[in-house]
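One structure below.
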Amino acid sequence: MFYSRIAGTGSYLPEKILTNQALESKVQTNDEWIYSRTGIKQRHVAAEGQLTSDLAFEAASRALEAAHCTAADVDLIIVATTTPDMVFPSCACILQHKLGATRAAAFDLQAVCSGFIYALSTADQFIRSGNFRKILVVGAEILTRLIDWSDRSTCVLFGDGAGAVLLEQSTLPGILSSHLHADGSYAPILSVPGNLRNGLYEGGAYLQMEGNAVFKFAVKVLGEVSEEALSANHLDKSALDWLIPHQANIRIIQATAKKLSLPMDKVICTVDLHANTSAASIPLALDCAVRDGRVRKGQLVLLEGVGGGFTWGGVLVRM
Ligand code: UT7
């Protein structure tokens, strides 16, 4: 019987920081509104020439180092992203070349803000089946390039970054279970509707969102998937050491923690410093908490995400 475990984590944030105060000169907004409605203080923004694969490269290199692995050891690379460098080849193939991971198969996975949860679950299946022993799972985004900087209802919410884990075969679990869901009927409440056609980008190049509808949906499904993950493992809420949710809005995170009767000091929050980095937010938060010593070996951690699609899911992990 094979299991998978997280052997190392890594993350990367672009150098440039955009504070709420700096946004006040771009759109009619203010720090008080942004912080009180979302918990966000600042976000990182990729430099002009930086690509998603560059962010992914830094995060992946750090995860490999933490796992005492080299790129040559990697069997598969999965990059969860909605903002790949180009239409094709995939960001994962570009990353494979940058890392020199010549033995690795590589593909992208697109589930927007749930992307990392979907990718981690996918990687877990490949390891459990015995197909692969070491898989790099990366969430990397430059979402700020899909933002209309004149739309105050969306431009204050997002940031750029990347997070990664090296998942490896183990005799002990690791990942206890994963739970994935989708409902495409909710597509219109969060989308970038355009596409390339005949050499032109048609149909709307910017992210559009019905904030209130997304908020309500997120609170509902994150609560449900937490219960589902715990009950599938016959575990009580009290067994959880940490909740690491997708970092979109502190009020969504607080509502989810309340449903689980978890005090906020058992919830990893990075939304204040990173804003919503989509598929990167969960591995970024995980890496921060591993590196600052909060998340430790042997602890029980629930990772959960929700995003466009709509997609949502949870992964229960013994670190
Ligand atoms: O990964 C998943 C992706 N997205 C999310 O998870 C986002 C989920 N939704 C949310 O986080 C919240 O719905 C928002 C933070 C987007 C909005 O918060 P809200 O409490 O739902 O505010 P609202 O949309 O109801 O807007 C309240 C007011 C409006 O003004 P009026 O109509 O009351 O005069 C907005 O025009 O706030 C106004 N407003 C702003 N004011 C200052 C909207 N954006 C801003 C802004 N600065 N940036």
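Order of appearance sets the numbers: ligands from 1, and atoms from 1 within every ligand.
- Side chains of Glu304 and Ser226: a donor-acceptor N/O pair is present below 3.5 angstrom, by distance only.
- Taking every heavy atom of Ile252 and a limit of under 4.0 angstrom, the matching atoms of ligand 1 come to 6 (O).
- Within the structure, ligand 1 has Ser153 among the residues with a heavy atom less than 4.0 angstrom away.
- Looking at Met209, Arg251, Glu210 and measuring to atom 7 (C) of ligand 1, the nearest heavy atom belongs to Met209.
- Atom numbering of ligand 1 starts at 1 in the shown order; those under 4.0 Å from a heavy atom of Cys113 are 1 (O).
- Numbered from 1 in the order shown, with element, the atoms of ligand 1 that lie under 4.0 Å from a heavy atom of Val156 read 48 (N).
- At a heavy-atom distance under 4.0 Å, atoms from both the backbone and the side chain of Thr29 approach ligand 1.
- Every atom of ligand 1 is numbered from 1 in the order shown, and the set under 4.0 Å from a heavy atom of His246 is 1 (O).
- If you look at Thr154 next to ligand 1, there are no close heavy atoms at all, none under 4.0 Å.
- Among protein heavy atoms, atom 44 (N) of ligand 1 sits closest to Trp33 CH2, 3.4 Å.
- Here the heavy atom of the protein found nearest to atom 30 (O) of ligand 1 is Arg152 NH2, 4.3 Å.
- Protein heavy atom at the shortest distance from atom 15 (C) of ligand 1 is Thr38 CG2, 3.6 Å.
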Show every donor-acceptor pair shorter than 3.5 Å between a side-chain atom in residues 210-225 and any protein atom, with sequence neighbours excluded, or say none if there are none.
| residue | atom | partner | partner atom | Å |
| --- | --- | --- | --- | --- |
| Lys220 | NZ | Glu224 | OE2 | 3.2 |

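- Nearest non-hydrogen protein atom to atom 5 (C) of ligand 1 is Val214 CG1, 3.6 Å.
- Protein heavy atom in closest approach to atom 2 (C) of ligand 1: Asn276 ND2, 3.9 Å.
- Ranking the protein heavy atoms by distance from atom 24 (O) of ligand 1 puts Asn212 ND2, 4.0 Å first.
- For Ile34, no heavy-atom contact with ligand 1 is shorter than 4.0 Å.
- Neither side chain, Thr277 nor Glu141, offers a donor N or O lying under 3.5 Å from an acceptor on the other.
- Of the protein's non-hydrogen atoms, Asn249 ND2, 2.6 Å is the one closest to atom 11 (O) of ligand 1.
- Atom 22 (O) of ligand 1 has its closest protein heavy atom at Arg37 NH1, 3.2 Å.
- Where the criterion is an N or O separation shorter than 3.5 Å, residue side chain and backbone included, Gly211 meets it with respect to ligand 1.
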